[in-house]
Amino acid sequence: MTKSEIISLVTEYIYQHEMSDGERETYELVDKKGYTYKQAAEQLNISESNVSNKLKRARKKVKALSPRLLSLVYAAVPKNESGGFRGVF
């Protein structure tokens with residue numbers, strides 16, 4: 001498993017289990033699909049400032065939880081004799 005695959009799994013976990021529906025919808029449109037704030041606001045029928053607020057909360061959750069989840073993943077991955085991760089990176 002590569003580092004980017006691990007980070008993707010951690011982000012997906014946060015996306016599925018830690019974000020509200022509104023945060024998840026906004027994060028999906030803006031960060032995953034590349035919508036502008038205006039496009040996301042029109043799609044979700046909310047204001048651009050509401051898009052901004054939901055996106056800030058979603059990104060904050062990703063930033064706050066990522067290090068803790070990554071450390072749990074790293075702790076569970078077998079290490080080789082030199083202390084590196086076997087089959088990772």
Side-chain angles (χ1 to χ4, degrees):
M1 184 174 268
T2 67
K3 183 177 182 178
S4 63
E5 288 172 328
I6 291 172
I7 291 170
S8 180
L9 286 172
V10 168
T11 303
E12 187 63 26
Y13 174 85
I14 295 167
Y15 175 77
Q16 292 294 328
H17 300 284
E18 301 295 330
M19 292 182 191
S20 70
D21 290 342
E23 292 165 349
R24 191 171 22 261
E25 291 169 337
T26 305
Y27 185 84
E28 172 81 24
L29 292 176
V30 177
D31 282 358
K32 289 188 170 188
K33 294 185 176 179
Y35 282 40
T36 64
Y37 284 27
K38 183 178 181 176
Q39 291 169 325
E42 289 171 357
Q43 178 75 26
L44 299 170
N45 200 29
I46 59 176
S47 69
E48 288 182 58
S49 63
N50 202 341
V51 168
S52 178
N53 290 333
K54 289 176 187 291
L55 194 56
K56 283 178 190 175
R57 285 195 304 268
R59 288 176 176 163
K60 185 176 179 180
K61 288 177 181 180
V62 170
K63 187 175 180 178
L65 288 172
S66 291
R68 291 194 316 230
L69 289 173
L70 283 173
S71 67
L72 291 172
V73 170
Y74 291 148
V77 173
K79 295 172 184 59
N80 61 27
E81 297 78 32
S82 63
F85 296 103
R86 194 175 329 141
V88 180
F89 315 114

Trainee: First locate atom CZ of R24, then atom CD of E28, and finally report the distance between them rounded to the nearest 0.5 Å.
Mentor: 10.0 Å

Trainee: Please name the pair of heavy atoms, one in K61 and one in M19, separated by the smallest distance, quoted to 0.1 Å.
Mentor: NZ-CA, 4.1 Å

Trainee: If you take all heavy atoms of Y27 and V62, which pair is closest and at what distance?
Mentor: OH-CG2, 4.1 Å

Trainee: Just do the side-chain contact (heavy atoms from CB on, under 4.5 Å) check on E42 and K38 with the steps written out, would you?
Mentor: CA-CA 6 Å; E42 289 171 357; K38 183 178 181 176; 3.4 Å; yes

Trainee: I need the single residue from V51, N50, L44, N45 that forms a side chain to side chain contact (heavy atoms under 4.5 Å, CB included) with S47. Which is it?
Mentor: N50

Trainee: Can you confirm whether more than 12 heavy atoms, excluding those of K32, are under 6.0 Å from its NZ atom?
Mentor: yes

Trainee: State the CG-NZ distance between D21 and K54, to the nearest 0.5 angstrom.
Mentor: 9.5 Å

Trainee: To the closest 0.5 Å, what do you measure between OG1 (T26) and CZ (R59)?
Mentor: 10.5 Å

Trainee: When you compare the side chains of Q39 and Q43, does any donor N or O come within less than 3.5 Å of an acceptor on the partner?
Mentor: no

Trainee: Does R57 come within less than 4.0 Å of E18, counting only side-chain N to carboxylate O?
Mentor: no

Trainee: How close do A40 and V30 get, heavy atom to heavy atom, and via which atoms?
Mentor: CB-CG2, 3.8 Å

